[in-house]
S.K.: 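This is the structure, below, for whatever I ask next.
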Amino acid sequence: MQSTASISEWPETKRNLVDAGVRLMRARGFNATTVDDICAAAGVTKGGFFHYFKSKEEIAKAAVSRFSAGKSEDFREAPFRKLADPLDRVFGRLEFARKSTGGTTHLTKGCLVGMLAQELSFTHPELRGACEDSFSRMAIDFETDLAEAKAAHAPQAEFDPKEVAMLYVTIIQGSLMLAKTSKSNAVLHRNLEQFRQYLHALFGRSDRSHGKSRA
């Protein structure tokens, strides 16, 4: 995945094309989005498209990088990052995830990476790999705080931060899909709450010790 810094160095036309690809593929999926659609949405000619990309598959990979880098930047700059206690950061992440997916006011648009993984894993190996890498990065980012929190608050607890972090990614991705099908973020919020309670149990904490008010 490319860094936010390297993406910011792209020529404006390339950024416009990729941003259009992100919007359209997030809304319609890969197969229902054409190169013509992307060009029209970006205000770029087909010649301009093929100057930067050899195929729709190539721009889809760039879209995954763009989307993933943007989400990584959002979480990197989130308020919970400033919390000194890693356990506060663990629970703060859950609240930030809830709010960043639309909260109670806006239905989530879903995750581009999850959508393309569902649609293309068996037919486009390179895109499958790009999606896998994005999911792995999400999990590793959470794993860091989980490992620090475990060392500080529950060193004897018998859980693997890596596995719990991947469970979080799985819950988020599945919940985003269910939220879209039900046209409500309620299922996402319920699942995050269940996961929050699970974390309390893993760390041997009550809700009052690290509850919603501190998240």
Side-chain angles (χ1 to χ4, degrees), residues 1 4 26 64 67-115 117-118 131-215:
M1 185 183 74
T4 304
R26 194 179 185 190
V64 167
F67 181 84
S68 299
K71 290 299 179 182
S72 294
E73 180 71 13
D74 289 343
F75 273 80
R76 188 161 50 248
E77 299 299 324
F80 73 84
R81 294 289 191 185
K82 299 177 183 178
L83 301 174
D85 188 329
L87 192 55
D88 283 337
R89 295 199 297 273
V90 164
F91 289 104
R93 178 186 298 267
L94 303 188
E95 180 63 12
F96 183 76
R98 185 184 70 82
K99 291 180 178 178
S100 66
T101 50
T104 59
T105 57
H106 298 95
L107 176 65
T108 178
K109 294 180 181 179
C111 175
L112 174 68
V113 182
M115 176 174 283
Q118 281 275 85
C131 293
E132 181 183 31
D133 180 65
S134 180
F135 290 144
S136 294
R137 287 173 182 269
M138 293 179 202
I140 289 169
D141 183 47
F142 192 24
E143 179 188 348
T144 300
D145 281 340
L146 282 168
E148 291 182 13
K150 184 176 185 293
H153 294 279
Q156 304 304 317
E158 296 183 359
F159 71 87
D160 183 345
K162 182 176 182 179
E163 292 182 357
V164 175
M166 186 52 72
L167 174 61
Y168 163 78
V169 173
T170 303
I171 289 171
I172 290 291
Q173 289 300 317
S175 298
L176 289 173
M177 181 172 61
L178 291 173
K180 289 176 69 177
T181 57
S182 64
K183 294 185 177 180
S184 170
N185 285 352
V187 64
L188 172 63
H189 299 165
R190 288 195 301 269
N191 290 344
L192 281 172
E193 174 60 19
Q194 288 294 319
F195 185 65
R196 186 178 71 85
Q197 293 181 21
Y198 174 64
L199 289 175
H200 279 302
L202 290 182
F203 282 96
R205 299 280 169 143
S206 68
D207 281 3
R208 283 178 292 182
S209 60
H210 277 85
K212 292 181 180 178
S213 63
R214 297 187 67 182

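We count residues from 1, following the sequence as given.
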S.K.: Check whether any side-chain heavy atom of F80 lies under 4.5 Å from a side-chain heavy atom of L94, and answer yes or no.
M.R.: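 They are not in side-chain contact.
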
S.K.: Assess the residue pair Q118 and M177 against the criterion (side-chain contact (heavy atoms from CB on, under 4.5 Å)); give the C-alpha distance rounded to whole Å, side-chain angles, the decisive distance to 0.1 Å, and a yes or no.
M.R.: CA-CA 10 Å; Q118 281 275 85; M177 181 172 61; 3.5 Å; yes

S.K.: Would you give the length of the straight line joining atom CD of Q194 to atom NE2 of H189, rounded to the nearest 0.5 angstrom?
M.R.: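 The distance works out to 14.0 Å.
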
S.K.: Any donor-acceptor pair under 3.5 Å linking the side chain of K150 with the backbone of A157?
M.R.: yes

S.K.: Locate the shortest heavy-atom distance separating V90 from A149; write the atom from each residue and the value.
M.R.: CG2-CB, 4.1 Å

S.K.: Could you tell me whether the side chains of T101 and T108 share a donor-acceptor contact shorter than 3.5 Å?
M.R.: no

S.K.: Between F159 and F203, is the gap from one ring center to the other below 6.0 Å?
M.R.: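 Ring-ring flag for F159/F203: true, centres closer than 6.0 Å.
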
S.K.: Would you give the length of the straight line joining atom CG of L188 to atom NZ of K180, rounded to the nearest 0.5 angstrom?
M.R.: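 Rounded to the nearest 0.5 Å, the CG-NZ separation comes to 13.0 Å.
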
S.K.: Given S100 and D74, is the side-chain contact (heavy atoms from CB on, under 4.5 Å) satisfied, shown in steps?
M.R.: CA-CA 9 Å; S100 66; D74 289 343; over 6 Å; no

S.K.: What are the two closest heavy atoms between K183 and L107, and how far apart are they?
M.R.: C-CD1, 3.6 Å

S.K.: With a 4.0 Å cut-off on N to O distance, would you call R89 and E148 a salt bridge?
M.R.: yes

S.K.: Of all heavy-atom pairs between A165 and A139, which one has the smallest distance, and what is that distance?
M.R.: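 What the structure gives for the nearest pair is CB-O, 3.2 Å.
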
S.K.: If I compare all heavy atoms of D85 with all of H153, which pair ends up nearest, and what's the gap?
M.R.: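 For D85 and H153, the tightest heavy-atom pair comes out as OD1-NE2, 2.8 Å.
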
S.K.: For T170 and F135: C-alpha separation, side-chain torsions, deciding distance, then whether side-chain contact (heavy atoms from CB on, under 4.5 Å) applies.
M.R.: CA-CA 9 Å; T170 303; F135 290 144; over 6 Å; no

S.K.: So, does S175 use its side chain to make a donor-acceptor pair with the main chain of I172 at under 3.5 Å?
M.R.: no

S.K.: Quick check for you: to the nearest 0.5 Å, what is the distance between K82 atom NZ and E77 atom CD?
M.R.: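 One finds 8.0 Å between NZ of K82 and CD of E77.
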
S.K.: State the OH-CG distance between Y168 and L146, to the nearest 0.5 angstrom.
M.R.: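 With rounding to 0.5 Å, OH (Y168) is 10.0 Å from CG (L146).
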
S.K.: How many angstroms lie between CZ in F75 and CZ in R81, if you round to the nearest 0.5 Å?
M.R.: 8.0 Å

S.K.: Using a strict 4.0 Å threshold on nitrogen-to-oxygen distance, state whether R76 and D141 make a salt bridge.
M.R.: no

S.K.: Go through it in stages, so that I can follow the logic: the residues are F142 and M166, the test is side-chain contact (heavy atoms from CB on, under 4.5 Å), and I'd like the CA-CA distance, side-chain angles, deciding distance and then a yes or no.
M.R.: CA-CA 9 Å; F142 192 24; M166 186 52 72; over 6 Å; no

S.K.: Between N185 and H106, does the side chain to side chain donor-acceptor pair (under 3.5 Å) criterion hold? Intermediate values first, please.
M.R.: CA-CA 8 Å; N185 285 352; H106 298 95; over 6 Å; no

S.K.: For the atom pair NE2 (H200) and CZ (F195), what is the distance rounded to the nearest 0.5 Å?
M.R.: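 Atom-to-atom, H200:NE2 and F195:CZ are 11.5 Å apart.
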
S.K.: For R190 and E193, what are the C-alpha separation, side-chain angles and deciding distance, and is it a salt bridge (charged side-chain N to carboxylate O under 4.0 Å, His left out)?
M.R.: CA-CA 5 Å; R190 288 195 301 269; E193 174 60 19; over 6 Å; no

S.K.: Strictly distance-based, threshold 3.5 Å: is any side-chain N or O of R26 a donor or acceptor partner for the main-chain N or O of C111?
M.R.: no

